Amino acid sequence: MKRREFSLAAAAAVSASAFPFLATPALAQATAPKEGKDYAKLSKPVATTAGPGKVEVLEFFWYSCPHCNAFEPAFAAWKSAAPADVVVQRVPVGFNASFIPQQKLYYALLAMNKLDELHTKVFRAIHVERNRLAKDEDIFAWIGQQGVDVNKFKESYNSFTVSNQVRKATQLQQDYNVEGVPSIGVAGRYYTDGTMAGNMANVLRVTDHLIAVSRKG
């Protein structure tokens, strides 16, 4: 989903099946990924937090994006199989103020060690159960339904730590020149998305290629 399409109203009305670029692996390109076509090299490298000898991979996403919902199972499987030297992080984007509640939701769940349990359920709530989770009150009500201590969640949700993480996520999105989600940043140097790579299955193939390139320095 491109930046110009980002609105909660649009996301609620659109089905993931409407987007042909979410293709199957059988459609992946046979040739090696090419800079300027399948991915972009950043003009200014972005600082990473992965540490020496590690390759950082960032998935930029938005819970309300149908593309991201469709991509999540494949990305989760890829993430779980990533090599030990690859550090994978998700980054919730914030193209305008309406994105902030879901950014805070993500980081509050992360802080409470509830992300593994509830990340997929957030997607389901929005795209299957049609609960938009667009406002603080809606999020708090949903969190309570998941058996989470709402008061503790609110404390985390409204904390300085979460606010700082939201700020950093939005800065990363800007540093990588993210124009749509889902998209991938690699090693603070490379960026790819479904439009560039052709489909989301191919995005993962391009990501693997960029990891290999990054290992070589």
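Residue indices begin at 1 and follow the sequence shown. On a predicted model such as this, the values are computed, not experimentally measured, just so you know.
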dist Ile143:CD1 -> Asp136:CG (nearest 0.5 Å) comes out at 12.0 Å
If you define the side chain from C-beta out and look only at heavy atoms, does anything of Leu133 sit under 4.5 Å from Pro101?
no
Under 4.0 Å between a side-chain nitrogen and a carboxylate oxygen: does that hold for Lys41 and Glu35?
no
side-chain contact (heavy atoms from CB on, under 4.5 Å) assessment of Tyr63 paired with Cys68
CA-CA 7 Å; Tyr63 277 126; Cys68 300; over 6 Å; no
On the 0 to 90° scale, with breaks at 30° and 60°, tag the Phe140-Phe153 ring pair as parallel, tilted or perpendicular.
perpendicular
Mind listing the closest non-hydrogen atom pair of Gly53 and Asp85 along with its distance?
O-CB, 3.7 Å
Ring centres of Tyr191 and Tyr39 under 6.0 Å apart?
no
Salt bridge (charged side-chain N to carboxylate O under 4.0 Å, His left out) evaluation trace for Lys114 with Glu117:
CA-CA 5 Å; Lys114 293 289 186 179; Glu117 176 186 347; 3.7 Å; yes
Separation of Ile100 CD1 from Lys135 NZ (nearest 0.5 Å):
15.0 Å
Would you say the side chain of Leu109 lies within less than 4.5 Å of the side chain of Val122, judging by non-hydrogen atoms?
yes
Below 4.5 Å, heavy atoms only, C-beta onward: do Met200 and His67 meet side chain to side chain?
no
One pair to check against side-chain contact (heavy atoms from CB on, under 4.5 Å): Asn69 and Ile126. What are the steps and the verdict?
CA-CA 9 Å; Asn69 178 56; Ile126 295 170; over 6 Å; no
Does the Asp149 side chain pair with the main chain of Lys152, one donor and one acceptor, at a distance under 3.5 Å?
yes
Working for side chain to side chain donor-acceptor pair (under 3.5 Å), residues Glu155 and Asn151
CA-CA 6 Å; Glu155 182 178 347; Asn151 288 330; over 6 Å; no
So does Lys154 get a backbone contact from the side chain of Asn158, meaning a donor-acceptor N/O pair under 3.5 Å?
yes
Please check this pair: side chain of Asn164 against backbone of Phe160, looking for a donor-acceptor N/O pair closer than 3.5 Å.
no
With a 4.5 Å limit on heavy-atom distance, are the side chains of Arg205 and Pro33 in contact?
yes
Could you tell me whether a side-chain N or O of Tyr176 sits under 3.5 Å from a main-chain N or O of Leu42, the two making a donor and an acceptor?
no
Scanning both residues in full, the closest heavy-atom pair of Ala40 with Met196 reads N-CE, 3.4 Å
Measure up the Phe75 and Phe71 rings against each other and bin them: parallel (under 30°), tilted (30 to 60°), perpendicular (over 60°).
tilted
Show the nearest heavy-atom pair for residues Val150 and Gly144, with the distance to one decimal.
CG2-CA, 3.5 Å
Between the side chain of Gln103 and the main-chain N/O of Pro92, is any donor-acceptor distance below 3.5 Å?
yes
Can you tell me how far the CZ atom of Phe99 sits from the CD atom of Gln173, to the nearest 0.5 Å?
8.0 Å
Whether the side chain of Gln102 engages the backbone of Trp62 through a donor-acceptor N/O pair (distance < 3.5 Å, no angle test) should be reported.
no
Where does the angle between the aromatic ring planes of Phe61 and Tyr106 fall among parallel (under 30°), tilted (30 to 60°) and perpendicular (over 60°)?
perpendicular
Name all residues meeting the salt bridge (Lys or Arg N to Asp or Glu O under 4.0 Å) criterion together with Lys104; count only those two or more places apart in sequence or in a different chain, and write none if there are none.
none
If I compare all heavy atoms of Ala111 with all of Ser156, which pair ends up nearest, and what's the gap?
CB-OG, 3.5 Å
Between His127 and Ser64, what is the shortest heavy-atom contact and its length?
CE1-O, 3.3 Å
At what distance, to the nearest 0.5 angstrom, does CG of Asp116 lie from CG of Leu110?
9.0 Å
Would you check if the side chain of Glu59 reaches a backbone N or O of Pro182 as a donor-acceptor pair within less than 3.5 Å?
no
What heavy-atom pair brings Gly94 and Thr170 nearest, and what distance separates the two atoms?
O-CG2, 3.8 Å
Does the pair Thr207 and Tyr190 meet the rule for a side-chain contact (heavy atoms from CB on, under 4.5 Å), with working shown?
CA-CA 9 Å; Thr207 300; Tyr190 305 104; over 6 Å; no
Is Val57 close to Val87 at the side-chain level, that is, under 4.5 Å between some pair of heavy atoms?
no
Side chains of Ile184 and Asp193 in contact at under 4.5 Å (non-hydrogen atoms)
no
Can Asp138 and Arg132 be counted as an ion pair, charged N to O under 4.0 angstrom?
no
Reported CG-to-CG distance for the pair Leu118 and Asn113, which is rounded to 0.5 angstrom:
11.5 Å
In Å, rounded to the nearest 0.5 Å, how long is the span from CG of Leu210 to CZ of Arg215?
11.5 Å
Test salt bridge (charged side-chain N to carboxylate O under 4.0 Å, His left out) applied to Glu72 and Arg124, step by step
CA-CA 11 Å; Glu72 174 57 26; Arg124 179 176 178 81; over 6 Å; no
Treat each ILVMFWY residue as a node, draw an edge where side-chain heavy atoms are under 4.5 Å apart, and state whether Val148 and Leu115 are in one component.
yes
